[in-house]
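Here the structure is laid out as C-alpha cells; the discussion comes afterwards.
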Amino acid sequence: MKKIKARDFATSFSVALFLIVGVSGVLMFFHLFDKYTKNLHEILGLLFVAIIFAHIWVNWKSMRGYFTKKIFALALFLTFLVTLGFVVDSDSKGENPKIVILHSMLKAPMESSLKVLGIDEKVALLKLQESGVSLDKKESIDAIAKYNNRSPFEIVSIMINQ
C-alpha cells in the first residue's frame with residue numbers, strides 16, 4: 001500500500017475545499033439555498049484557511065519562488081485595493097438597516113415582536129416554558145435571552161419551530 005504524502009494530502013484538501021467554499025460563496029451571493037450554505041461556507045472556510053497554511057507549509061520550498069515574482073506582488077496589491085474598496089464603501093453607507101431592524105425587533109416589547117413574527121403569545125410562552133426557558137423577565141425577546149443565558153435567536157427558534 002502506498003503511503004500518503006503530506007504534500008498530496010494538503011493539495012488534495014486545498015482543491016476540494018476551494019471548490020466547496022467557492023460554490024457555496026456563489027450560492028450565497030445569489031441567495032440560493034441560504035438556509036444550507038451559510039454555516040457550510042463559514043465552517044469549511046475556516047478549515048480551508050487551515051488547510052491552505054498546511055499546503056504552504058509542506059510546499060514551502062517550491063512555493064517561495066512565487067512570492068518573489070512581480071506578478072505575485074501585483075496580485076497581492078490589486079487584491080488589497082479591491083478589498084479596501086469594499087471596506088471603505090461599506091463604511092460610508094452608515095448603519096446596516098437589517099441590523100437596526102433586527103435589534104429593534106429583539107428589544108421591542110414581547111407582544112409587539114410576537115405580532116410581527118405572527119406568533120400567538122400564549123403558544124410562544126408555552127413553548128418557551130416547555131423548553132426550560134424562565135419567563136421571569138419577559139418584557140422582550142432580548143431580555144428573556146439574557147436572563148436565561150441564551151441567544152435571542154435560540155429563543156425565537158424555540159417559539160417558531162417546536
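Treat the numbers as computed from the prediction; the structure is a model and nothing was measured. The residues of the chain are indexed from 1 along the displayed sequence.
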At their closest point, which heavy atom of I141 faces which heavy atom of S113, and how far apart are they? CD1-CB, 3.8 Å
same_hphob_cluster(I99, I155) at 4.5 Å side-chain heavy-atom cutoff: no
Shortest non-hydrogen contact from A10 toward I51: O-CG2, 3.7 Å
Non-hydrogen atoms of F48 and S14 that approach each other most closely: CE1-O, 3.4 Å
With D142 via side chain to side chain donor-acceptor pair (under 3.5 Å) - residues at least two apart: K107, K146
Transitively linked via ILVMFWY side-chain contacts under 4.5 Å: I101 with V116? no
Residues in side chain to side chain donor-acceptor pair (under 3.5 Å) with E154, at least two apart? R150
Minimum heavy-atom separation for D120 to V123, with atom names? OD2-N, 3.1 Å
When rounded to the nearest 0.5 angstrom, what is the spacing between CD1 in I71 and CG in L76? 11.5 Å
Using atom types as modelled and distance alone, determine if a side-chain donor or acceptor of K127 lies under 3.5 Å from a backbone N or O of M159. yes
How far apart are the C-alpha atoms of M110 and E139, what are their side-chain angles, what is the distance that settles it, and do they pass the side-chain contact (heavy atoms from CB on, under 4.5 Å) test? CA-CA 5 Å; M110 186 70 161; E139 55 267 5; over 6 Å; no
Only one of V82, T83, L81 forms a side chain to side chain contact (heavy atoms under 4.5 Å, CB included) with T79, so which one is it? T83
Main-chain N/O of V133 paired to S131 side chain as donor or acceptor, under 3.5 Å: no
Which heavy atom of A143 sits nearest a heavy atom of S140, and at what distance? N-OG, 3.0 Å
Could you note down all residue pairs passing ring-ring contact (aromatic ring centres under 6.0 Å, His included) where residues 53-77 supplies at least one of them, sequence neighbours left out? W60-F67, F67-F72
In terms of hydrophobic clusters joined by side-chain contacts under 4.5 Å, are V58 and L17 together? no
According to a hydrophobic-cluster definition based on side-chain heavy atoms being under 4.5 Å apart (Ile, Leu, Val, Met, Phe, Trp, Tyr only), do L128 and L126 belong together? no
Determine the sole option in L125, L114, V156 for which the side chain to side chain contact (heavy atoms under 4.5 Å, CB included) test with I119 is passed. L114
Which residue pairs satisfy the salt bridge (charged side-chain N to carboxylate O under 4.0 Å, His left out) criterion with at least one member in residues 4-16, sequence neighbours excluded? none
Is a side-chain donor or acceptor of S62 paired with a backbone partner of N59 at a separation under 3.5 angstrom? yes
With a 4.5 Å cut-off on side-chain heavy-atom distances among I, L, V, M, F, W and Y, is there a chain of contacts connecting F18 to V15? yes
Spacing of CD1 belonging to I160 relative to CG belonging to L117, to within rounding of 0.5 Å: 7.5 Å
Excluding sequence neighbours, so at least two apart, what forms side chain to side chain donor-acceptor pair (under 3.5 Å) with K115? none
Show me, pair by pair, the donor-acceptor contacts under 3.5 angstrom made by side chains of residues 22-39, not counting sequence neighbours?
| unit_1 | atom_1 | unit_2 | atom_2 | d |
| --- | --- | --- | --- | --- |
| S24 | OG | I20 | O | 3.0 |
| S24 | OG | V21 | O | 3.1 |
| S24 | OG | H41 | ND1 | 2.8 |
| H31 | ND1 | D34 | OD2 | 3.0 |
| T37 | OG1 | F33 | O | 3.2 |
| K38 | NZ | E42 | OE1 | 3.3 |
| K38 | NZ | E42 | OE2 | 2.7 |

